[in-house]
Participant: 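One structure, as structure tokens, below. Some questions next.
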Amino acid sequence: MNFLEERIVKDGVVKEGNVLKVDSFLNHQMDIKLLDQMGAEFKRRFADKPINKILTIEASGIGIACIAAQHFDVPVVFAKKSQSINLDGDMYVAEVESFTHKCINHVIVAQKFLSPEDHVLIIDDFLANGCALQGLIQIVQSSGATVEGIGIAIEKGFQSGGRIIRNLGFQLESLAIVDGMNAETGEIQFRDQSKPAEESGQTEEICRSSTLD
Ligand code: 5GP
């Protein structure tokens with residue numbers, strides 16, 4: 001087990017409905033030394049990429065992205081979420097439909113913070129169905145910038161987001177991939193990432209998203 005998997009086993013709580021709570025160290029109270037280790041690991045995994053900006057989404061991604069940014073020595077842009085917005089032409093807005101919540105969310109980034117010269121690393125805390133991530137990817141692409149990679153703290157490997165994003169050809173690095181968990185026993189199964197990934201042709205989106213600009 002790596003350092004994050006060990007911490008998930010120690011302090012994570014498995015809830016009913018396939019929800020993993022990590023709020024004592026990652027997305028409510030934050031263990032900064034752990035975040036720093038995660039930042040160093042993201043830097044190691046994306047060492048060969050010409051990253052000049054990190055993009056994340058409010059709120060839980062911000063802390064992780066900021067500590068990681070110190071290892072890359074680059075600025076962080078965080079996308080804002082809003083239910084109702086006034087479009088004024090200065091923003092990239094992705095409309096993301098949450099398949100599970102059956103609602104539309106807007107993911108917004110000011111145009112002045114992303115341009116075609118940018119080489120972007122997207123960072124977030126969780127990857128489940130990947131709806132939020134697909135919104136961020138669309139925003140980067142509509143700005144003309146390049147997605148150099150995606151760094152995730154915890155991927156829920158039994159949901160489809162990771163498979164879809166990898167099949168689209170992105171370098172997606174998840175520090176821990178949970179392949180199963182049991183709310184009764186609290187048991188958590190991690191994917192052995194040293195083994196080659198199983199092939200799957202899935203690229204269809206479980207969440208519908210479109211970009212407005
Ligand atoms: P998505 O389906 O778009 O990949 O996930 C949506 C968001 O739901 C994630 O960014 C994360 O904030 C939250 N989320 C999904 N699954 C879990 C979970 O098991 N635990 C926690 N704490 N958040 C989750």
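Numbering of ligands and ligand atoms starts at 1, following listing order.
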Participant: Which atoms of ligand 1 are found less than 4.0 Å from any heavy atom of Ala132?
Facilitator: 3 (O)
Participant: Below the 3.5 angstrom mark, is there an N/O of Met181, backbone or side chain, next to an N/O of ligand 1?
Facilitator: no
Participant: Can you list the atoms of ligand 1 that are under 4.0 Å from a heavy atom of Asn27?
Facilitator: 22 (N)
Participant: Would you mind running through ligand 1 and noting each atom that sits below 4.0 Å from a heavy atom of Asn18?
Facilitator: 19 (O)
Participant: Tell me every residue that passes side-chain contact (heavy atoms from CB on, under 4.5 Å) with Gln193, counting only those two or more places apart in sequence or in another chain.
Facilitator: Arg45, Ile177
Participant: For ligand 1, which is the ligand I care about here, please tell me if Val19 has any N or O atom under 3.5 Å from one of the ligand's N or O atoms.
Facilitator: no
Participant: Between Lys21 and Asp23 (salt bridge meaning N to carboxylate O under 4.0 Å), is one present in this structure?
Facilitator: yes
Participant: With a 4.0 Å heavy-atom cut-off (strictly under), which part of Val22 contacts ligand 1: side chain, backbone, both or neither?
Facilitator: neither
Participant: Under 4.0 Å from a heavy atom of Asp124: which atoms of ligand 1 are those, numbered in the order shown and with their elements?
Facilitator: 10 (O)
Participant: Please compare Gln134, Lys156, Lys21 and report which has the shortest non-hydrogen distance to atom 18 (C) of ligand 1.
Facilitator: Lys156
Participant: If the condition is side-chain hydrogen bond (donor to acceptor under 3.5 Å, both in side chains), which residues does Asn182 pass it with, not counting sequence neighbours?
Facilitator: none
Participant: What about Leu20: any of its N or O atoms under 3.5 Å from an N or O on ligand 1?
Facilitator: yes
